[in-house]
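Each chain gets a letter, A, B and so on, in the order its sequence line appears, and its residues count up from 1.
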Amino acid sequence: MNVKHYIAERAAKELKDGDIVNLGIGIPTLVADHIPENIQVFLHSENGILGVGPSPDQDHVDKNLVNAGKLPVTVVEGSSFFDSAFSFAMIRGGHVTVSILGVLQIDARGRIANWAVPGKSVLGVGGAMDLLEGSKKVIVTTMHTTDKGESKIVKELTYPITSERTVDLIITDLAVFSVKEDGLHLIELAPRISLKEVQEKTDAPFHIADSIINGTEVTL
Amino acid sequence: MNVKHYIAERAAKELKDGDIVNLGIGIPTLVADHIPENIQVFLHSENGILGVGPSPDQDHVDKNLVNAGKLPVTVVEGSSFFDSAFSFAMIRGGHVTVSILGVLQIDARGRIANWAVPGKSVLGVGGAMDLLEGSKKVIVTTMHTTDKGESKIVKELTYPITSERTVDLIITDLAVFSVKEDGLHLIELAPRISLKEVQEKTDAPFHIADSIINGTEVTL
Amino acid sequence: MRKLISCEEAVKKIKSSSRIMVGGFGLVGCPLSLVDALADSEVKDLEIISNNLGEPGRGLGVLVRQKRVKKAIGSYFTSNPEVVKAFQDKELEVELVPQGTMSEAIRAGGAGLGGFYTPVSVGTKIAENKEERILNGKKYVFQEPIKADFALIKAKKADTLGNLIYNKSARNFNPMMATAADVVIAEVDEIVESGQISSEEIVTPHLYVDFIVLSGGK
Amino acid sequence: MRKLISCEEAVKKIKSSSRIMVGGFGLVGCPLSLVDALADSEVKDLEIISNNLGEPGRGLGVLVRQKRVKKAIGSYFTSNPEVVKAFQDKELEVELVPQGTMSEAIRAGGAGLGGFYTPVSVGTKIAENKEERILNGKKYVFQEPIKADFALIKAKKADTLGNLIYNKSARNFNPMMATAADVVIAEVDEIVESGQISSEEIVTPHLYVDFIVLSGGK
């Protein structure tokens, strides 16, 4: 399995039956393909849909039906359409249970940057800030390092921050961190990944769950 | 014709084709019976209706269809229903062309009191303040004096004010006043009513339109 | 259908001293079966957010007569003389909010806003204790959002997921209240299969609705 | 039908330096016939309020390419590289607003509010020049309402009075924009007799709509 699909599958395991879920662009979009069959979740798209379904085949594309990434989608039975103000009222008001978002950077406290790049004109923010601020639970899915091999989990953000709100869970190709008041907690290693590798590729300090320490000792 | 219907009929003459009109309780409600046949106006009810129609006969009462006075109504073709927040957004946002309201008192500047009585518990305001604040044009319809013969048009309000906004037109059983920056202007006398009677029964000072002065001289 | 419960089960969730929004403009659009079930329960010291408090012995008027309402937030209570009497006897505290400000404040509560400025009530008794502010040359007063522990609302029809549509002027405060409470219980006249209400026509999407009861259902 | 006019008649009402809201999320729900008619007109120095500025040479992107847009207020312009270039060349001024704040600010404009407090963007670059305030222990920023001289919106269907319904996710910003401009021009795919759209289903009541044009109509 493609590593991005691995991350998406891991994120999908966090979803619970009945959850209202908003999926960001990139890896988060792939989560839709991995939702466990024994639960029913409802996909919210901030451009005004509750109940997003799979992508249509080319013969069934409806130009009036796209997701927040402007890609054609379908809807499931019991779906509804609403305007943008109502859609973001849902988000800001805490009615979206889980948002799964992509990131550029995550800091040691679990705050993220995912909307602007230093040195480039800042011309797009979209719904990134709304989703991060309003969702009951925020899961970040990302490659652990950039294309250049730099850690995306950093001591301090060098990219503009998206919100003062910290995320709840960070899922990368190497590990899973939960975010608590005292910072990041490494709670899981990806298959065949060592604690040492995660430590080497993570700039920010993090706590290590007992289960990992024990597990790692066994693996060594 | 009943004097209240006379007032309502006079108010109806102020309406223009296409107007969105909100009618308060009392004399204003009667305006619906006098809308000129050559114009089409749309009645807005703040509990969430655009396109209120006549009262139903007893066999056609729908308990889910009432006006802001909680009386059964019907709707006309092309009517719509909406929630209270949207209904008052229409009002506050200036999308209601004309509101016709009843009053307890009007002051010399054209400000009104129509929601509370001194000495009694203040337990109801309803949509009075919203309508007065938000409507593009406000017409007041009222008997000129109270049951005890006291002027309702007073120098200063002794009843609690409804809004700092002044009304645009005052229509009573005796006269019509327009409200300008410099106060009330008597612009019309009811049939068989003399300027002297209006002056005697009006506590607030008012300007007198030239047409009245001339007209009065002719009548004398 | 997993959200469907009885009126009795619904009101059992409500504890004394709860803050409860109740839909309706008078009795129209008021969830009368839920209110009656509440009247049969043991809860008291309720804070009720509703445009009115019913009529004497009808709708929320029953709870007033039973002296279960400690405080009422709404726009028009004068139509129920028993409310006026309870207020004068100091049995009932009242907070009066203009109707449009109230519906907007409930919407703001559900929309996660910290409050808003409205021109309505500036310079009146209602605004005496409210912050006044001039914005672009016009006077406004600050209004806080209104939220609640429970919302009891009335809709015409639910589908099995909990999507709702309303009935004519019985819509009134119900859609906003559906967004602004921790637990939302919708009383409906009819339940249909999911997919039977058009996606374009749904007024309250199911994510807002926690439980559904049938009108007249025990 | 008295509100029906041609696209040409519609854009003749618009003068240079106007402030114009344009519906749509990208090209979806954008009134493309009206935008094309605007591109064929002589107006310039426009201030455009829209979530995006189309694509290169498509939708509002045409107006950008023609250098008719002086300022843009929206949430996401990065998807049109010509917007980025015009901004860098200082031909285009940009005001970036988070998508939810933007849709709420337009709603507030139409609803006669003086502004509101939102928690979104607190502590970010976007909020640098905005008033911050703590309300009930939580940080918010103040957002002013957004209004315009004109709103060009896209709906699926109008009735002869001007009541509107929308098409799936093409609804997006259109219903709010219909409430927040002095002159509202709705481009529709179809016009039906009044009474042919259910009173419960109407999203934009006719009082908001000044003129109607048919999509593709000249």
Side-chain angles (χ1 to χ4, degrees), chain B residues 15-22 38-53 62 64-67 73-99 127 129-138 163-165, chain D residues 1-4 21 103-116 145-149 151 155 157-166 171 174-184 191-212:
Chain B
L15 301 180
K16 294 186 186 61
D17 194 36
D19 275 353
I20 310 297
V21 182
N22 188 297
N38 60 332
I39 67 168
Q40 184 179 26
V41 304
F42 302 93
L43 300 182
H44 175 273
S45 188
E46 62 264 36
N47 55 321
I49 311 170
L50 179 63
V52 177
D62 180 336
N64 290 305
L65 188 47
V66 300
N67 65 14
V73 291
T74 58
V75 288
V76 299
E77 204 176 79
S79 64
S80 51
F81 301 114
F82 31 83
D83 66 45
S84 303
F86 196 20
S87 186
F88 282 93
M90 283 176 195
I91 294 168
R92 228 178 14 240
H95 306 286
V96 169
T97 332
V98 184
S99 277
M129 292 182 176
D130 304 88
L131 284 162
L132 183 51
E133 174 61 40
S135 307
K136 271 193 199 152
K137 181 176 183 177
V138 175
S163 168
E164 292 183 350
R165 183 235 167 107
Chain D
M1 200 207 137
R2 78 174 100 175
K3 290 179 179 174
L4 182 66
M21 288 178 176
S103 50
E104 189 69 21
I106 295 169
R107 183 191 174 279
L113 301 177
F116 58 88
I146 297 178
K147 297 193 73 172
D149 302 317
K157 205 184 271 190
D159 69 15
T160 48
L161 289 174
N163 290 305
L164 303 179
I165 56 171
Y166 300 89
R171 192 183 301 197
N174 289 296
M176 286 85 70
M177 289 180 172
T179 70
D182 293 339
V183 178
V184 176
I191 298 171
V192 298
E193 287 300 314
S194 105
Q196 294 297 301
I197 308 177
S198 144
S199 304
E200 300 282 10
E201 211 180 336
I202 289 167
V203 176
T204 297
H206 62 77
L207 56 72
Y208 288 115
V209 181
D210 297 298
F211 300 103
I212 291 172

Problem - Donor-acceptor under 3.5 Å (D:S199 side chain, B:F81 main chain) - result: no

Problem - Interchain contact, D:L207 with chain B, by part (heavy-atom threshold 4.5 Å) - result: both

Completion exercise
Counting heavy-atom pairs under 4.5 Å with chain D, the top scorer among B:E133, B:H44, B:E77 is B:E77

Practice task
Could you tell me which non-hydrogen atom of D:A111 sits nearest to which non-hydrogen atom of B:R92, and how far apart they are?
Solution key: O-NE, 2.8 Å

Practice task
Check B:H95 against D:G110 and note the closest heavy-atom contact, atom names and distance.
Solution key: NE2-O, 3.1 Å

Handout entry: Residues forming a ring pair (Phe, Tyr, Trp, His ring centres under 6.0 Å) with B:F86, sequence neighbours excluded
Key = B:F82, D:Y208

Problem - Inter-residue atom distance B:L50.CG - D:N163.CG, 0.5 Å rounding - result: 7.0 Å

Exercise for the section: Give a yes or no on whether the backbone of B:G78 and the side-chain of D:D159 come within a donor-acceptor separation of less than 3.5 Å. Expected result: no

Handout entry: Partners meeting ring pair (Phe, Tyr, Trp, His ring centres under 6.0 Å) with B:F42 (sequence neighbours left out)
Key = D:H206

Problem - Test item: B:S80 and D:E201 side chains (from C-beta on) under 4.5 Å apart, heavy atoms - result: no

Handout entry: Over all atoms of both residues, closest heavy-atom pair of B:A89 and D:R107
Key = CB-NH2, 4.4 Å

